[in-house]
2 protein chains.
Amino acid sequence: MDNNTEALLVDRSAKTLRQLALEKLRTAILELKFQPGERLVERSLCERLGVSRSVVREVLRHLESEGLVEGIPGHGPAVARPDPGKITQIYELRSILEAMAAQYCAAQATPADITRMRHALAAVRAGYAASDYAAVLAATTLFYETMFLAAGRDVAWDVVTSLNGRITHLRATTIATPGRDKDGAAEMQAILDAIEAHDGAAAHAASAAHLHNALQLALVQARKRG
Amino acid sequence: MDNNTEALLVDRSAKTLRQLALEKLRTAILELKFQPGERLVERSLCERLGVSRSVVREVLRHLESEGLVEGIPGHGPAVARPDPGKITQIYELRSILEAMAAQYCAAQATPADITRMRHALAAVRAGYAASDYAAVLAATTLFYETMFLAAGRDVAWDVVTSLNGRITHLRATTIATPGRDKDGAAEMQAILDAIEAHDGAAAHAASAAHLHNALQLALVQARKRG
DNA sequence: CACGGGATTATGGTATACCATAACATTAGA
DNA sequence: TCTAATGTTATGGTATACCATAATCCCGTG
C-alpha cells in the first residue's frame, strides 16, 4: 500500500482561483499588455480571466496595494501611471538598493549564482538581437532577482519589485531606446564582472552608474509624455 | 447664489465602507490590538467592523499585500508574525532609508518642519513618562514621517511604513525595553540636532547609529520568542 | 446643426447565498 | 479510560443579486 500513499494525498499546493488570477493579471500588467492609465473594468476582467467578480475585485485590491493598479474613487481601477513627481525618487531608491545588493552579491555569490546571472545577461542580449523588448525586460528582471537573492536580500528584492511595478511602462520604453542595447548590456556586464571578481566596491559603483544612466533615459521618456 | 454652490456639491471625498474599514483595521493592527499570528476570522471582523464579508475580504487582501496580514492557504488570514530570517534585512533597509532621509532633511528642512519634529519628540518623551508605549510608537512614527516628507522622500516613506508594518510588535516591545526611554529619545534628539544644524553627514550618522541600536534590541527580543 | 434634458446602459460598492474543507464535538468500540 | 470514527459546526473560497451612481445614448427644441 505504501506505493499508493503519495497518489492519494490531496495536493496542498493547489492554488485558489484568486491566486491564479492574481498571478495572471500581475504578469499581464508587467508585460505591458495594458497601457498606463488603461481602465480595468471588472466585468471585462471576469470574462478574460474566467472567474467571478469576487475574485477579480480581490485581485484588484492586491494589485492596488502593490502599486500596479490605481483605484480612482468613483471611477474604478486603472493600470498605474508613472507619477512624474515620483520617478526620480523611485530610481534613486532602486539605485541605493541595487548597489547594495550588487555589493553583497559580490561577497557571497556562488559559481551557480554567477552562471545564472550570465545566462540571464545572454538572454538580455538575445532579446535585443530579436528586438523582443518584452524578453529583454523579463531577462533583466531575472538578472536582478538572481543578484538580490544571491546577496541574501529577498526583502529588498520585494521592495524593488514593487517599485518597478509602478514604472513598468517607463522601464520598457527606456529599454527600447536606441543605443540602449549596447550600453545597457555593457553596464550589466560590468556589474557581473565585478561580482565575478568578488569586488564589492566595483559592483556597487557599476550598479550605481547603470541606474544613473537609466534614470537619465527615463526622465527623457517621461518628458515626451508632456 | 454663489454662496450656496459649495453646499450643493456632492462630497467627492466621501469614503467607501471599504476605505473606512481598511483604515480602521490597519490602525488596529498597528496599535497592537491584535497579537502576531492572531487569526483574523472574517465573520468576526464583519461584526466588529459592521460591514459585510465582501468588504472584509477586500480589506484583508489590501493588508496582505501591505505585509500586515499573512494569508495561510487553507487556513485563513492572521496578523503577520515577524519572520526571523527577515528582521535583520528589514532593519538594514530602514537604516539605509532613514539615514538617507535624515541627510536630505538636514539640507531641506524648514523651520516649520523642525518645529513639528520637535513636537513629535516631546510627545515621545511624554509617552515614556506616562509609560504609554502606544503613544511613544505613534509619536515616533510621526517624527519620522515628518522627517521623510521634509526631505521630499514620500516614496521612501511608503516603503519604510510597509517594512515597519511587518515588525510592529517587535518595534513596540523594543520601545518598551528598560533604558530605551532615555537612550531612544536621546538618539532621536541627536538626529534632530544635526538636522537643525543642517549637518547632513551628522544626521546620516546619527540615524544609522539609532537604527543599529534598535536592531540589537530587536534581535534580543526576537530571541526571547524561541 | 448644436445643445440640453431625459432615458438607458454600464459600472463600482455592497450584501448574501452556496459549497467545500477545516476544526471541533460526540459517540462507539477496544 | 483512551482512541478512532463519525457527525456537526465554523470558516474560507467563490458566485450571484441588488442598488446607487457614472457614463452614454437618443430625442426634442431652439
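When reading the values below, keep in mind they use all heavy atoms of this one structure, side chains included, and skip hydrogens, waters and symmetry mates. Below, read A as the first sequence line, B as the second, and so on, with proteins coming before strands; counting in each chain starts at 1.
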Within less than 4.0 Å of OP1 or OP2 of D/dA15, is there a side-chain N or O belonging to A/S52? yes

Rounded distance (Å) that lies between atom P of D/dG13 and atom CZ of B/R61: 6 Å

Nucleotide C/dG12, atom C1' - distance to CD of A/E58 in whole Å: 15 Å

Here the distance between atom C1' of C/dA17 and atom CZ of A/R53, to the nearest Å, is 16 Å

A/Q19 has an atom CD; how far is it from atom P of D/dG12, in whole Å? 15 Å

From the options D/dT14, C/dG12, C/dT16, select the nucleotide whose nearest atom is closest to the side chain of A/E42. C/dG12

Length of the CG-P vector between A/L17 and D/dT16, whole Å: 12 Å

Under 3.5 Å, side chain of A/S131 to main-chain N/O of A/G127, donor-acceptor pair present? no

For the side chain of B/R39 and the base of D/dG12, is some donor closer than 3.5 Å to an acceptor across the two? no

Check for me whether A/R125 meets the cation-pi criterion with A/Y128, that is, NZ or CZ under 6.0 Å from the six-membered ring centre and within 45 degrees of the ring axis. no

Given the structure, check if the side chain of A/R57 and the base of C/dG12 hold any donor-acceptor pair shorter than 3.5 Å. no

Could you give me the CA-CA distance, side-chain angles and deciding distance for B/T110 and B/D113, then say whether side chain to side chain donor-acceptor pair (under 3.5 Å) is met? CA-CA 5 Å; B/T110 66; B/D113 295 325; 2.9 Å; yes

What nucleotide, of C/dT14, C/dA15, D/dG13, holds the atom closest to the side chain of B/R18? C/dT14

How long is the line joining CZ of A/R43 and C1' of C/dG13, in whole Å? 10 Å

From the options A/R166, A/R61, A/R26, select the one residue that forms a side-chain hydrogen bond (donor to acceptor under 3.5 Å, both in side chains) with A/E66. A/R26

How would you label the contact of B/S54 with the nucleic acid (heavy atoms, under 4.0 Å): base, sugar-phosphate, or nothing? base

Remember a base hit wins even if backbone is also touched, and classify B/L40 as base, sugar-phosphate or nothing at under 4.0 Å, heavy atoms. sugar-phosphate

